[in-house]
Amino acid sequence: MNSKLQQEQKRLDSVMETITEEVSRLEDETSRRKNEVIHIRKHFWDEIKVNTDTFDDYLETIIGLRQEAQALSVSQSTHKHASKRLSTLRRMQEVPYFGRIDFIEEGSSDQEQIYIGISTLRDASGEDFLIYDWRAPVSSVYYDYQPGPAKYETPGGTIQGTLEKKWQYLIRSGVLQSMFDTSLTIGDEILQQVLGKGTDKHMHNIVATIQQDQNRIIRHDHGKLLIVHGAAGSGKTSAALQRIAYLLYKYRDNLNADQIILFSPNSMFNSYVSNVLPELGEENMQQVTFQEYLDHRLSKEFEVENPYGQLEYVLTGANSPSYRARVAGIQIKASARFFEAINSYMKSLEISGMLFKDMIFRGKPIVTAQQIADRFYSSDTSLRFHNRLEKLKDWLIEQINEAEKSERNRPWVQEEIELLSNEEYHKAHAYLAKKRGFKGDSIHDYEIEPKVLARLIVRQKLKPLRKRIRAFCFVDFKAIYKQFFADPRQIKQWVEEETPASLPEICQVTQERLDEDKLFYEDATPFLYMKEQIQGFQTNSSIKHIVVDEAQDYSPFQFEFLKRLFPASKMTVLGDFNQAIFTHASEMADFQPLTGLYGPDETEVINLARSYRSTKPIIEFTRRLVPNSERIIPFDRDGKLPELKQLSNHAELHNSIASKVAELRSQGLDSIAIICKSAEESLKAYEALSGIDGIKLLKSNSIEYEEGVVVVPSYLSKGIEFDAVIIYDASENVYGDESLRRVFYTACTRAMHDLQLYSVGEPSPFLRNVLQEGFIQA
């Protein structure tokens with residue numbers, strides 16, 4: 001070991017010692033605090049003298065309660081902070097730091113050595129920094145500059161200076177394996193080692209290998225909307241998760257993980273990325289899919305199709321008689337102009353067209369739908385729509401109160417009284433006695449008056465109707481949405497642009513679906529938006545930041561909806577239009593339509609062109625599958641050419657795949673995906689390949705990302721990477737249509753080290769050029 005390395009190892013040993021001492025101290029503290037919390041909880045009431053005889057006694061009791069609750073809160077908070085710090089330090093015992101900059105601040109002659117790791121560490125005195133957190137302002141110099149003039153922003157202003165040298169360290173379990181003096185942003189040696197490793201069931205943090213562009217994303221901190229358009233494997237999702245960690249660090253006094261939401265493509269993806277923030281010592285943000293939100297809001301009224309159900313239909317339903325109309329409907333209902341059409345329809349409802357339901361009690365209407373409509377349109381039309389509905393709701397409650405009075409003397413009420421069981425009668429007696437001020441044994445002295453009991457029974461029977469009115473159930477939302485599709489000519493007028501020739505059929509299919517209490521996926525957001533516009537938007541102002549991953553799969557309509565749903569939130573949007581596999585995005589090439597969400601002054605677009613996931617031969621192959629591919633820059637990591645094997649039947653295909661899986665496993669590649677076009681094809685492949693040891697089938701409702709050999713539909717593999725990918729059938733028969741180009745590209749770009757394509761019969765036309773140019777081995 002050379003002297004430089006020995007010197008650095010000596011410093012590392014000293015840092016490891018400090019971490020070990022700190023871990024030991026925190027273990028004692030967390031244990032003590034835990035026991036403290038348990039003790040306070042156990043003896044909470046022992047310490048409090050409850051006395052409410054006089055006001056002073058009552059006040060003393062309240063003060064005692066507050067003091068005990070405060071003591072419990074302090075102990076719980078201290079325990080939580082100590083546990084979190086302990087968890088971070090244990091990670092630092094493995095890799096305490098990964099980089100160092102030698103920096104001379106302007107106006108000083110002292111060179112400061114700044115070591116960078118996943119968290120800050122001070123020496124025993126608490127005065128000197130041994131390690132700086134990668135999110136600290138000074139650490140940005142490590143990611144953004146080569147040796148020479150450099151600067152960084154602090155809350156107090158810009159610090160100018162000179163970056164003398166930049167070092168990178170490879171440390172494992174407290175042992176310095178190697179170090180590099182580099183003038184590059186990140187030494188290729190370290191990046192090579194990180195990328196060359198096999199994958200596992202979780203994504204990991206990449207703070208040691210953040211590139212300059214990714215650092216711009218992470219530390220971006222102005223405007224309302226950040227759009228990241230990046231090639232497959234460019235580190236979009238990793239950078240976004242590090243961005244969340246950075247924001248939680250920078251704004252730790254007024255931002256917590258509960259105020260951030262990640263909208264991810266599916267539950268399996270949530271499981272895949274669940275490790276990144278905890279690895280950085282931060283709590284996970286809320287993770288949800290847009291579908292989960294739709295189900296939460298609509299599943300009581302409708303059977304709501306999910307996006308994968310829609311995509312499965314598009315991929316496999318071409319022979320359906322209404323296929324073309326459905327595809328055209330998906331495109332128009334996802335557009336920003338359809339959003340404006342719904343707004344125009346809402347405007348028209350202020351004058352006429354609102355549809356209501358009869359308020360039925362015991363089989364007869366107390367108020368008819370027509371009476372409700374007459375009242376709505378005769379009331380103050382200068383009020384906002386929602387306020388008019390609120391007034392209508394109050395009027396309806398008044399009608400119920402009037403009906404209640406007249407119902408008390410009806411024969412059915414006496415029958416109900418006579419049919420009360422002993423238990424029901426005693427419950428009613430106790431309830432009414434307490435209302436009259438009777439307590440304890442004196443309750444038995446109370447005598448129920450028949451008219452009071454009758455009032456109670458009628459009130460209880462009308463309770464569900466009152467509840468329905470307060471929830472706006474007197475509005476016939478389904479009929480209002482259906483009415484929108486009653487006249488295609490009206491829609492043409494509202495859309496104000498060219499509409500598909502199949503519009504009458506789109507309208508008919510939509511209405512039929514609604515009659516079955518079902519919603520197409522493309523109708524779910526417009527329906528919910530219309531409902532929210534009528535009854536008042538249920539906004540969430542506590543959320544301060546939302547991150548939308550695989551954003552090319554969201555429609556402009558859905559983005560408009562999210563903006564209104566989270567009015568206080570900033571937004572980070574990540575995507576790649578080469579992977580836009582949903583029908584609505586087939587005509588879109590970029591996120592330009594989104595710049596209108598908050599305006600150009602509040603929006604920044606960052607493009608990530610360099611792809612790190614796959615070997616250079618795989619990227620050179622995949623980039624030729626899509627247009628504008630010259631923008632994609634492969635990272636220089638060597639590997640073998642993708643292979644294409646043409647077979648004559650499915651029996652040969654299955655034998656060949658089974659052999660290939662065994663070969664890949666023998667090479668130490670553990671994560672192997674057999675990617676099919678659709679769920680339908682995946683199920684057939686899984687059944688045929690069931691002889692492969694440990695093979696699993698991933699479905700749209702799979703909760704956790706599984707390691708090992710998996711069979712997965714193309715659209716579920718998005719965002720995830722595998723050591724090796726096998727394209728189950730890349731034939732013209734399966735991938736013959738131009739509309740599937742992006743689906744095919746997405747599947748191929750999942751491979752890190754090895755890509756194998758099989759074709760039963762003639763290969764897909766997407767492969768013709770790459771075969772001629774020699775970018776795939778046949």
Side-chain angles (χ1 to χ4, degrees), residues 143-144 184-186 188 190-197 199 203-220 226-246 262 264-265 269 272-273 276 547-554 572-581 585 588-591 594 604-637 639 717-723 725 742 744-753 755:
Y143 299 111
D144 286 344
L184 297 171
T185 310
I186 295 295
D188 280 359
I190 287 188
L191 195 50
Q192 286 276 14
Q193 290 194 38
V194 171
L195 297 171
K197 285 195 309 182
T199 183
M203 178 184 277
H204 294 282
N205 84 67
I206 53 151
V207 289
T209 56
I210 294 167
Q211 304 293 285
Q212 191 171 355
D213 282 344
Q214 291 166 334
N215 197 40
R216 272 180 68 210
I217 294 163
I218 291 163
R219 292 172 192 262
H220 183 274
L226 172 63
I227 298 171
V228 181
H229 194 186
S234 58
K236 297 182 295 293
T237 303
S238 299
L241 293 169
Q242 321 290 63
R243 172 165 170 68
I244 291 170
Y246 172 75
L262 168 66
S264 56
F269 181 84
Y272 180 61
V273 301
V276 176
V547 179
V548 182
D549 204 358
E550 301 293 348
Q552 73 281 351
D553 295 343
Y554 287 69
T572 299
V573 165
L574 322 157
D576 173 17
F577 270 91
N578 284 325
Q579 297 179 68
I581 61 176
M588 295 162 74
D590 56 33
F591 287 114
L594 285 192
E604 181 160 350
V605 181
I606 295 176
N607 289 297
L608 293 180
R610 191 176 290 277
S611 181
Y612 299 95
R613 173 184 298 138
S614 311
T615 60
K616 190 174 181 181
I618 292 174
I619 295 171
E620 292 288 10
F621 161 71
T622 55
R623 63 186 273 223
R624 282 165 173 79
L625 299 175
V626 286
N628 302 317
S629 59
E630 66 279 356
R631 297 178 192 164
I632 302 168
I633 305 162
F635 179 72
D636 196 8
R637 182 161 63 88
S717 67
K718 289 175 62 134
I720 299 175
E721 56 193 27
F722 305 91
D723 291 337
V725 163
R742 288 166 165 178
F744 188 71
Y745 170 80
T746 301
C748 292
T749 54
R750 302 305 95 205
M752 288 177 70
H753 309 297
L755 176 60

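Keep in mind the model is a prediction, meaning the values are calculated, not measured. All values below were derived from every heavy atom in this structure, side-chain atoms included, with hydrogens, water molecules and symmetry-related copies excluded.
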Main-chain N/O of G235 paired with R613 side-chain donor or acceptor, under 3.5 Å: no

D576 backbone acceptor or donor facing Q552 side chain under 3.5 Å: yes

Working for side chain to side chain contact (heavy atoms under 4.5 Å, CB included), residues V548 and Y554: CA-CA 9 Å; V548 182; Y554 287 69; 3.6 Å; yes

Pair L574-E550, side chain to side chain contact (heavy atoms under 4.5 Å, CB included): steps then yes or no: CA-CA 6 Å; L574 322 157; E550 301 293 348; over 6 Å; no

Nearest atoms (heavy-atom pairs only) where I618 meets C748: CG2-O, 4.4 Å

Salt bridge present between R610 and D213 (N-O < 4.0 angstrom): no

Closest non-hydrogen atom pair between R742 and T746, with its separation: O-OG1, 2.7 Å

Non-hydrogen atoms of S611 and A232 that approach each other most closely: OG-O, 2.6 Å

Point-to-point distance, once rounded to the nearest 0.5 Å, from CG of L226 to CD1 of I218: 11.0 Å

Heavy-atom closest contact (P634 atom, R623 atom, distance): CD-NH1, 4.2 Å

Step-by-step side chain to side chain contact (heavy atoms under 4.5 Å, CB included) determination, K718 to I581: CA-CA 10 Å; K718 289 175 62 134; I581 61 176; 3.5 Å; yes

N/O donor-acceptor pair under 3.5 Å between K616 side chain and G639 backbone: no

Closest approach of G575 to F591 (non-hydrogen atoms, all atoms of both residues): CA-CZ, 3.7 Å

Rounded distance [0.5 Å steps], OH in Y745 versus CZ in R624: 12.0 Å

Heavy-atom pair with the smallest gap, counting every atom of A609 and A231: O-CB, 4.0 Å

Geometric class of the F635/Y612 ring pair [parallel <30°, tilted 30-60°, perpendicular >60°]: tilted

Check: N578 and I632 side chains under 4.5 Å, non-hydrogen atoms: yes

Value rounded to 0.5 Å, distance of OG in S614 from CD1 in I619: 5.0 Å

CD on E721 to NE2 on H753, rounded to 0.5 Å: 8.5 Å

Check against side chain to side chain contact (heavy atoms under 4.5 Å, CB included), I217 and L608: CA-CA 10 Å; I217 294 163; L608 293 180; 3.6 Å; yes

Flag side-chain contact, heavy atom, 4.5 Å: Q214 against S238: no

Nearest-0.5 Å distance, CG of residue N607 to CD1 of residue I227: 10.0 Å

Test item: H229 side-chain N/O and F577 main-chain N/O as donor-acceptor pair under 3.5 Å: yes

Nearest-0.5 Å distance that lies between atom CG in L241 and atom OG1 in T572: 10.5 Å

